[in-house]
Amino acid sequence: MECPHLSSSVCIAPDSAKFPNGSPSSWCCSVCRSNKSPWVCLTCSSVHCGRYVNGHAKKHYEDAQVPLTNHKKSEKQDKAQHTVCMDCSSYSTYCYRCDDFVVNDTKLGLVQKVREHLQNLENSAFTADRHRKRKLLENSSLNSKLLKVNGSTTAICATGLRNLGNTCFMNAILQSLSNIEQFCCYFKELPAVELRNGKTAGRRTYHTRSQGDNNVSLVEEFRKTLCALWQGSQTAFSPESLFYVVWKIMPSFRGYQQQDAHEFMRYLLDHLHLELQGGFNGVSRSAILQENSTLSASNKCCINGASTVVTAIFGGFLQNEVNCLICGTESRKFDPFLDLSLDIPSQFRNKRSKNQENGPVCSLRDCLRSFTDLEELDETELYMCHKCKKKQKSTKKFWIQKLPKPENSGPESCLYDLAAVVVHHGSGVGSGHYTAYATHEGRWFHFNDSTVTLTDEDTVVKAKAYILFYVERQAKAGSDKL
C-alpha cells in the first residue's frame, strides 16, 4: 500500500553511526536481546524484535504516541510517532499507523537508501565471516573431519529459518522441501509475481501484502523463501511474509501454538497445487510444467484438477481392494496420494527397557508390508456389498498402483534415496520441537531453526524420524536398497 506517513517518520541517515555493529539480520532487540526477527525504527534507528517474537517493535511505536489531548497536533509531535520500521532480514517496510507493509518511498528516496545501507552491512559481515571460515577450512586436518564431527561446524552455504514463535514445524518442512532438488528448482525458476503485475510491472516490491489481502500468493512467498535458502548470503532468513500468507489462507495455523508438521506439509502442498492451477494475470503457472521435459506426461498424477509440479513430484495412486466374505464380490477403487502414513507394526510397538539392546528393529519395509497386508474389517466397518444388497463382513487390502515419478517401470525396479528427515523432539505433536536433516550435494545438514550444522549419515540413521522424504533414483533392477 501507499503510506502517507513516510515523510514525517523516516528521519534517520543511511550512514548513521547509531546502527549496531554486525549483520543487521543478527541485531538484537534492545529490550529482550533476542536476535530473532530484528526490526529497526526509521525514526530513531533503535532495534526491537518483531511481532512473531515478543513484539517490542510495536511497543516502541505505542510508547512513542503523543496523548491526543486535542485534535490539532504540531508537526513536531507528528515527527515523534516512530510509526515506520524496516525488517532487518527481508528489508520490507512496515507502518504501524497504517497497520500494513508499504511500497512507496519519500521524495528523497530515504527508505531505499536505508535498505541499501542495511544490505551493504549484511554483505560486509557475511564476507568477513566467509573469509574467517575459509581460513579455518584451509586447515586440511579440520576439513577432513567435517563429516565426522557431528554439529561441530556451521554450514557455510546453508541458510537457517528464524523461528517466529513456535514455527519450528513450518521451518522443518520448508528446509526439507528445499532439498527436493527438482521440486525446489521449479519454484525458484518461476517469474516473480510483482514483476508482472499491472502498475508495478518492472518495479520490485518487498512484500506480497502490497498486492492487497485478497490477492496474496502462497506460490510467490514460497518461491521467495526457497530463493533465500542455499544462496549463502545470510545465516538465517525470516519467513514472515510466507507465514502471513499461511495465516491468511490456512486459518487452522493462525496463532503461535505448536502445530503438527505433517498436517502443515499436507496443507501446504494442497494449497500450492490449487494455486498453481489458477495461475496469475491469466497465465497458468502449470503451463510451465508442460514445457518442462523432465516432468513427462507419464509422471503426472492429477489430484483435484490438472497436474502440477506438486503431483508430478509427490503424486501416486493407491488401489483399494475390498472383498465380500459372503459372496466373494470384489470392489476396487483408485485413490491419489501425495504421501503415505505408515503405522508401526504391532510386534515392534512394545517399548524396550534401557538395558535391552538386542530387540526387534522396525524397518521401513516392515511398515510398508504391514500397510499392504490383507485386513479383515471389524463389525464397525461392515462393507455394503452391492451383490448381497446389505452390509457384510469383508477384507480390505491396499496396493500401491503407481509410485511417485517412475516412468514405464514396475515397483520392483524402483529405487528411492533418502533426501530429508523431519524429527519431532518431545512428547505429543502439540508440544516439543521439530528439526530436519537433509542431504545437499552429498553432505548431510541438520536444520534447527536459525542454526544449520554439518552432520553425518550415522547421526541421521539414529534420529527418531517422523517424516521421511525420498527421491527416485534410476538404478538397475535387483538391488536390495530402499
Side-chain angles (χ1 to χ4, degrees), residues 1 36-37 49-55 57-58 87 90 92 94-96 98-102 161-178 187 193-194 197 205-226 237-280 285-286 303-305 308-311 314 336-339 341 422 424 426 428-434 436 449 466-467:
M1 61 157 288
K36 297 179 179 179
S37 185
C49 59
R51 67 181 65 194
Y52 302 117
V53 188
N54 294 316
K58 183 178 181 181
D87 185 328
S90 64
S92 54
Y94 190 87
C95 176
Y96 280 107
C98 296
D99 193 25
D100 207 343
F101 285 84
V102 298
L161 286 169
R162 297 185 185 280
N163 192 312
L164 307 178
N166 284 327
T167 57
C168 57
F169 69 93
M170 177 179 74
N171 292 347
I173 294 299
L174 293 176
Q175 293 287 15
S176 298
L177 293 176
S178 77
F187 284 94
V193 167
E194 299 94 335
N197 183 17
T205 56
Y206 286 83
H207 202 283
T208 304
R209 285 171 68 168
S210 63
Q211 300 172 14
D213 288 347
N214 296 325
N215 198 24
V216 294
S217 171
L218 179 65
V219 169
E220 173 65 1
E221 296 303 337
F222 186 68
R223 181 194 69 81
K224 289 180 182 178
T225 301
L226 294 184
F237 174 76
S238 181
E240 290 186 357
S241 300
L242 175 62
F243 195 43
Y244 170 82
V245 176
V246 168
W247 276 31
K248 274 289 179 183
I249 66 178
M250 306 179 198
S252 59
F253 291 95
R254 292 175 184 170
Y256 303 102
Q257 67 274 19
Q258 183 63 279
Q259 302 278 3
D260 178 25
H262 177 249
E263 184 180 3
F264 173 75
M265 180 194 74
R266 284 308 314 267
Y267 269 89
L268 178 67
L269 292 178
D270 287 343
H271 281 278
L272 287 172
H273 171 64
L274 292 174
E275 188 174 320
L276 284 169
Q277 293 179 73
F280 189 83
R285 279 242 169 98
S286 60
I303 300 175
N304 296 328
T308 68
V309 68
V310 175
T311 54
F314 297 102
F337 68 86
L338 293 179
D339 70 311
S341 295
V422 171
H424 180 261
V429 295
S431 60
H433 183 58
Y434 287 101
D449 287 336
Y466 178 47
I467 305 174

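By convention here, the first residue in the shown sequence is residue 1. All values below come from the heavy atoms of this structure, side chains included, with hydrogens, waters and symmetry mates left out. Owing to the predicted nature of the structure, the values given are computational and were not obtained by experimental measurement.
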message: Please check this pair: side chain of Gln175 against backbone of Val422, looking for a donor-acceptor N/O pair closer than 3.5 Å.
response: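 Flag not set: sc Gln175 to bb Val422 has no pair under 3.5 Å.
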task: With rounding to the nearest 0.5 Å, note down the distance linking CZ in Arg266 to NE2 in His271.
output: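 Answer rounded to 0.5 Å: 11.0 Å.
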CG on Leu218 to CG on Leu274, rounded to 0.5 Å: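 Interatomic distance, Leu274 CG to Leu218 CG, rounded to 0.5 Å: 10.0 Å.
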- prompt: Got Val309 and Phe187 here, is their nearest side-chain heavy-atom distance under 4.5 Å?
  reply: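 They are in contact (side-chain heavy atoms under 4.5 Å apart), so the answer is yes.
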field: Minimum side-chain heavy-atom gap Thr167-Asp449 below 4.5 Å
entry: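 Counting from C-beta outward, Thr167 and Asp449 never come under 4.5 Å.
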- request: Locate the shortest heavy-atom distance separating Tyr96 from Ala57; write the atom from each residue and the value.
  value: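 Shortest heavy-atom separation between Tyr96 and Ala57 comes out as OH-CB, 3.5 Å.
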query: So, for His433 and Gln258, which heavy atoms are closest and what is the spacing to 0.1 Å?
result: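 Heavy atoms only, the tightest pair is CA-NE2, 4.2 Å.
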- request: Indicate yes or no for a side-chain donor-acceptor contact from Asn171 to the backbone of Leu161 under 3.5 Å, with no hydrogens or angles considered.
  value: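 Checking the backbone N and O of Leu161 against the side chain of Asn171, a donor-acceptor pair under 3.5 Å is found.
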task: For the residue pair Cys95 and Asp100, establish whether any side-chain heavy-atom pair is separated by less than 4.5 Å.
output: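 Counting from C-beta outward, Cys95 and Asp100 never come under 4.5 Å.
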query: Are the side chains of Ser37 and Cys49 in touch, meaning some heavy atoms are under 4.5 Å apart?
result: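 A side-chain contact under 4.5 Å is absent here.
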task: Would you please classify the geometry between the Phe264 ring and the Phe253 ring as parallel, tilted or perpendicular, with 30° and 60° separating the classes?
output: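 Judged by the thresholds at 30° and 60°, the geometry between Phe253 and Phe264 is perpendicular.
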message: Does atom CZ (Phe243) have a neighbourhood of more than 12 heavy atoms from anything else shown, all under 6.0 Å?
response: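 More than 12 within 6.0 Å, yes.
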task: Kindly indicate, with the supporting measurements, whether the criterion side-chain contact (heavy atoms from CB on, under 4.5 Å) is fulfilled by Ser341 and His262.
output: CA-CA 10 Å; Ser341 295; His262 177 249; 3.7 Å; yes
task: Enter the distance from Glu275:CD to Leu272:CG here, rounded to the nearest 0.5 Å.
output: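 Going from CD on Glu275 over to CG on Leu272, the span is 7.0 Å.
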query: Atom NZ in Lys36, atom CG in Asn163: separation rounded to 0.5 Å?
result: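 Rounded to the nearest 0.5 Å, the NZ-CG separation comes to 4.5 Å.
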field: Closest contact, heavy atoms only, Gln259 versus Ser252
entry: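 Shortest heavy-atom contact: NE2-O, 3.2 Å.
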message: If I take atom OG from residue Ser241 and atom CZ from residue Phe237, how far apart are they, to the nearest 0.5 angstrom?
response: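 Nearest 0.5 Å value for the OG-CZ distance: 6.5 Å.
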- request: Using only heavy-atom distances, determine whether the side chains of Thr308 and Gln277 contain a donor-acceptor pair under 3.5 Å.
  value: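 Gln277 and Thr308 do not have a side-chain donor-acceptor pair below 3.5 Å.
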task: Check whether any side-chain heavy atom of Tyr434 lies under 4.5 Å from a side-chain heavy atom of Asp260, and answer yes or no.
output: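 The answer is yes, as the side chains (C-beta and beyond) meet within the 4.5 Å cut-off.
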message: Looking at every non-hydrogen atom in both residues, tell me the closest pair between Val245 and Ser217 and how far apart they are.
response: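 Heavy atoms of Val245 and Ser217 come nearest at CG1-C, 4.1 Å.
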- request: Check whether any side-chain heavy atom of Val310 lies under 4.5 Å from a side-chain heavy atom of Asp270, and answer yes or no.
  value: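 Result no, sub-4.5 Å side-chain heavy-atom pair not found.
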task: Search all heavy atoms of Ala172 against all heavy atoms of Ala436 and return the closest pair with its distance.
output: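 Looks like O-CB, 3.6 Å.
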- prompt: Side chains of Ile467 and Asp339: closer than 4.5 Å at any heavy-atom pair?
  reply: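 The answer is no; the side chains never approach within 4.5 Å.
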task: Would you name the heavy atoms of Met265 and Ile173 that are closest together and state the gap between them?
output: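 Result for this residue pair: CB-CD1, 3.8 Å.
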task: Give the C-alpha distance, both sets of side-chain angles, the deciding distance and a yes or no for side-chain contact (heavy atoms from CB on, under 4.5 Å) between Leu242 and Leu174.
output: CA-CA 11 Å; Leu242 175 62; Leu174 293 176; 3.6 Å; yes
Atom pair OG/CZ of Ser178 and Phe222 - distance to nearest 0.5 Å: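 Here the interatomic distance stands at 8.5 Å.
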message: Salt bridge check, Glu220 against Arg223: does any charged N sit closer than 4.0 Å to a carboxylate O?
response: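 Salt bridge flag = yes for Glu220 with Arg223.
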message: Quick one, Glu240 with Asp87, criterion side-chain contact (heavy atoms from CB on, under 4.5 Å). Give me CA distance, side-chain angles, the key distance, then yes/no.
response: CA-CA 9 Å; Glu240 290 186 357; Asp87 185 328; 3.2 Å; yes
